[in-house]
Amino acid sequence: MTLPDIDELRERLVGHPFPGGSFRVAEYERWLSHDAMRSPALAAPLLHPVWILLGALRGMGISIDELTGLAGAGAHDGTVFGETEMEQRRPLRADVEYTVRGGVADLVRRVGRRAGTMDLLTFRLEIVEPTGEVAAVSSQTFVFPRRDADA
Amino acid sequence: MRDLYVGERLPELRLTVELGAMKVFSVLMADPNPIHFDPAHTAALGLGDRPVNQGTLTLSYPVDALLAVLDDPARIRRVRCRFAGSVVADDVVTAGGEVTARHPTGATVSIWLDVEGRGRVLTGEVDVDLS
C-alpha cells in the first residue's frame, strides 16, 4: 500500500464525524466483562471504568476495520493502540441506553528512530445519558505504521 | 472515605492472562480480529501461538489495582495511559501504582503494568476525586 499524503489525509479526516449510535450493556455482559477483567466487586449496576472505551467503540457507528480503511491502512498493517484517555463524569451503568457521538479529532505523522514513519489518528467520543448529559468522554489514538515510507 | 497520600503504593495485582477471558472479551467487544483468540492465526503471522490481549483488557488490570483501594469507582475521574508493548495469553503480569500528588480535592496516581520477563508495557496516570 502506497504512503498516503498526510495533508490530504488531514483535510479529509480531521473533524470527520462518525455516524454515531448507541449501546446498552446487559447485566450478564457486566458480569462476564468484570470476570474477564478480574475486577474487584462493583455494586450492580455500576460498570468498570474501562467500559468507557468499550462502550465508545461499540456505539461509534464505524468498525475498527472501517476506521483503519479511512486512514488508508490495511488490516494487516499492524495498527496498535497508542495513547488512551477516558474521562468519567459519572459511572456508566448496565441496562442504560447511551448515545455515542464524536469523530476524528487529530491526525499527525511522526518518524521514530526505531519505529519508522507512523500516523497517529486520535478520535474523541462522548457517551451521553438518556437525559442528554455527557457521562463520559473517550479519546483514543491509533498508531498506523507506514512501512512503505521507510522501504 | 479512604484517603490517599503521596508516596503510597497500591497493593500489586499479579495474575496470569487467560486465553479464555480474552475469548469472552472478543465476543463482548464484537471484535472479529483472530489475533485476540486464535493461536493458529498468530502463529501464521509469525507472532507465536499465544494470541494478543485486547488493549482495553490490558488497561483494566492497573485500574483494578486502584479500584481495590477506592470505596467508589465514581472517584476515578480521568485515566490517561500509553501502551508500550503487547501482552499475550499466559503472560504473568503485575499491575501497580503510586500516588504522586495530593490536591485539595483529589489525587494523581501513577499506574503501570509489567510483564514477567519483558518489563513495562503500560504506563499511565489517574485523577482521583477525594472531595
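Below, all heavy atoms of this structure are taken into account, side chains as well, without hydrogens, waters or symmetry copies. Throughout, protein chains are lettered first and strands after them, A, B, ... in sequence-line order, and every chain is numbered starting at 1.
Although no hydrogens or angles enter the test, the distance criterion places a donor-acceptor pair under 3.5 Å between the side chain of A:Gln88 and the main chain of B:Pro73.
Both the backbone and the side chain of B:Glu18 come within less than 4.5 Å of a heavy atom of chain A.
A:Ile62 and A:Val128 fall into different hydrophobic clusters, defined by Ile, Leu, Val, Met, Phe, Trp and Tyr side-chain heavy atoms under 4.5 Å apart, directly or through other members. Put simply, B:Val128 and B:Ile111 are part of the same group of oily side chains (I, L, V, M, F, W, Y) that touch within less than 4.5 Å, one to the next. B:Leu122 and B:Trp112 are members of different hydrophobic clusters when ILVMFWY side chains are connected at heavy-atom separations under 4.5 Å. Follow the hydrophobic side-chain contacts under 4.5 Å out from B:Val27 and you never reach A:Ile64; the two are in separate clusters. Cluster annotation: A:Val100 and A:Val137 are assigned to distinct hydrophobic clusters (Ile/Leu/Val/Met/Phe/Trp/Tyr, side-chain heavy-atom contacts under 4.5 Å, transitive).
More than 12 heavy atoms of other residues, nucleotides or ligands sit less than 6.0 Å from atom CD of A:Glu97. Environment of CZ in A:Arg110: sparse, with no more than 12 heavy atoms of neighbouring residues, nucleotides or ligands closer than 6.0 Å.
Ranked by heavy-atom pairs under 4.5 Å with chain A, the list B:Ser60, B:Ala30, B:Ala21 is led by B:Ser60. Top candidate by heavy-atom pairs under 4.5 Å with chain A, chosen from B:Val24, B:Val17, B:Asp129, B:Ile76, is B:Ile76.
Distance check, rounded to the nearest 0.5 Å: OG of A:Ser63 to CG of B:Asn33 gives 11.5 Å. Remark: A:Met86 CE to B:Arg78 CZ distance equals 11.5 Å, nearest 0.5 Å. Distance check, rounded to the nearest 0.5 Å: CZ of B:Arg82 to CD of A:Glu83 gives 4.0 Å. Once rounded to the nearest 0.5 Å, the distance linking CE of B:Met29 with CD of A:Glu29 reads 12.5 Å.
Ion pairing between a basic and an acidic side chain is recognised when a charged N comes within 4.0 Å of a carboxylate O; B:Arg77 and A:Glu87 show no such pairing.
Residue-level contacts of residues 31-60 of chain A with chain B, in order of numbering, are A:Leu32, A:Ser33, A:Ala36, A:Met37, A:Arg38, A:Ser39, A:Pro40, A:Leu42, A:Leu46, A:His48, A:Pro49, A:Val50, A:Leu53, A:Leu54, A:Leu57, A:Arg58; threshold 4.5 Å between heavy atoms.
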What do the steps show when you test A:Val143 against B:Phe83 for side chain to side chain contact (heavy atoms under 4.5 Å, CB included), and what is the final call? CA-CA 11 Å; A:Val143 180; B:Phe83 294 89; over 6 Å; no
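B:Thr58 is not listed as a side-chain neighbour of A:Phe81, based on a closest heavy-atom distance of 4.5 Å or more.
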